[in-house]
Amino acid sequence: MKELDLLKKDWQKNEASFEQVTEKDIYKMIHKKSSSIVKWILILSVLELILWSVLSIGVNIDDYFKKMKHEELSVYFDIYNYASYLIIFTFIYLFYKNYKIISTTASTKQLMRDIIKTRKTVNYYVYYNLGQLVLSLFIGFYIAFKYNPETVVLTDKIGSNYTVMIITFSILVVFIALILGIFWLFYRLIYGRLLKRLLDNYKELKKIDL
């Protein structure tokens, strides 16, 4: 027992030398990490917009419609394009707004609510982009098979053969699913990791709140 008492006394003497971390300190660390994560979400969304904008510069869709002799489609394409950009800019604004709110949040409960709100916004953003991708592919294939003179003849032949039509449609569906899967993995790797870190922060805040 003497050895145990000596060990306790030694521990009590050295206890003051260990750094004591309070709940307030933990909150500050989580707050800082959460703010940094949301900032990266904002940066990545802007970089993604820039990337797609640069890639679209090399695609002259007006010349493609002129070649098909359906220049009126350019108007519909422009409207569709402007609407897509408007929605993306709206998401970027929401990410910026979430970043500013989280950066100035002083309450544990409020920070938890802000994290949940940010996670929902990012999920909606990812779902929108994946849905937009599928819609764009369907529109692209529809225009190609409906208006392109080089494929209209092929489309008529396919339409007259039920078996070939089913096979062609199946190939298109598989192709779209493959592209969708690749982009889903991309968003999973980029935004999924950030969302997981936000969720971990939320769980830590919940412990403090309890």
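Considering every non-hydrogen atom in both Ile115 and Ser34, the closest pair reads CD1-OG, 3.7 Å. The two residues Leu94 and Thr121 come nearest to each other via the heavy atoms CB-CG2, 4.0 Å. Across all their heavy atoms, Ile37 and Arg197 have their closest contact at CD1-CB, 3.5 Å. Considering all non-hydrogen atoms of both residues, Asn98 and Val38 come closest at C-CG1, 4.1 Å.
Leu135 and Val174 are not part of a single hydrophobic cluster, where members link through side-chain heavy atoms under 4.5 Å apart. The cluster map of Ile, Leu, Val, Met, Phe, Trp and Tyr, joined by side-chain heavy atoms under 4.5 Å apart, puts Ile190 and Ile50 in the same cluster. There is a path of hydrophobic side-chain contacts, each under 4.5 Å, that joins Ile102 to Ile92. Follow the hydrophobic side-chain contacts under 4.5 Å out from Leu51 and you never reach Ile182; the two are in separate clusters. In the hydrophobic cluster analysis, where Ile, Leu, Val, Met, Phe, Trp and Tyr join through side-chain heavy atoms closer than 4.5 angstrom, Leu189 is grouped apart from Leu42.
Checking each of Arg193, Lys33, Arg119 against Leu198 for a side-chain contact (heavy atoms from CB on, under 4.5 Å) leaves exactly one that passes, namely Arg119. Screening Tyr124, Tyr191, Trp52, Tyr187 for a side chain to side chain donor-acceptor pair (under 3.5 Å) with Asn129, the sole residue that qualifies is Tyr187.
Side chains of Leu195 and Thr118 form no contact here, defined as non-hydrogen atoms less than 4.5 Å apart. No side-chain heavy atom of Val46 sits under 4.5 Å from any side-chain heavy atom of Phe95. Proximity of Phe183 to Arg188: side-chain heavy atoms (C-beta onward) are nowhere separated by under 4.5 Å. Looking at heavy atoms from C-beta onward, Ile30 lies out of side-chain contact with Tyr202 at the 4.5 angstrom threshold.
How far OH of Tyr127 is from CH2 of Trp184: 10.0 Å, rounded to the nearest 0.5 Å. From Met112, atom CE reaches atom CD of Glu204 across 11.0 Å, with rounding to the nearest 0.5 Å. For the atom pair CD1 of Ile139 and CZ of Phe77, the computed distance is 9.5 Å after rounding to the nearest 0.5 Å. Taking NZ from Lys206 and CG from Asn201, the interatomic distance works out to 14.5 Å, rounded to the nearest 0.5 Å. For the atom pair CD1 of Ile88 and CD of Glu48, the computed distance is 7.0 Å after rounding to the nearest 0.5 Å. Taking NZ of Lys100 as the start and NZ of Lys39 as the end, the distance is 11.5 Å to the nearest 0.5 Å.
In the model, Tyr80 has a side-chain atom that pairs as donor or acceptor with a side-chain atom of Ser136 under 3.5 Å. Of the N and O atoms on the side chains of Ser53 and Tyr85, at least one donor lies less than 3.5 Å from an acceptor on the other residue.
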Exercise. For Phe138 and Leu172, run side chain to side chain contact (heavy atoms under 4.5 Å, CB included): C-alpha distance rounded to whole Å, both residues' side-chain angles, the deciding distance at 0.1 Å, then the answer.
Key: CA-CA 9 Å; Phe138 270 116; Leu172 289 177; over 6 Å; no
Quiz prompt | Chi angles and distances behind the side chain to side chain contact (heavy atoms under 4.5 Å, CB included) call for Lys196, Asp200 | solution = CA-CA 6 Å; Lys196 186 181 181 304; Asp200 291 340; 3.5 Å; yes
Practice problem: Show the numbers, then the answer: is there a side chain to side chain contact (heavy atoms under 4.5 Å, CB included) between Trp40 and Ile43? | Solution: CA-CA 5 Å; Trp40 271 108; Ile43 292 170; 4.3 Å; yes
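In this structure, Tyr93 places its OH atom where only 12 or fewer heavy-atom neighbours from other residues, nucleotides or ligands lie under 6.0 Å away.
Side-chain atoms of Ser35 never come within 3.5 Å of backbone atoms of Lys32 as a donor-acceptor pair (strictly under, hydrogens ignored). Although no hydrogens or angles enter the test, the distance criterion places a donor-acceptor pair under 3.5 Å between the side chain of Ser103 and the main chain of Tyr99.
The aromatic rings of Tyr128 and Phe91 are tilted relative to each other, their planes meeting at an angle between 30° and 60°.
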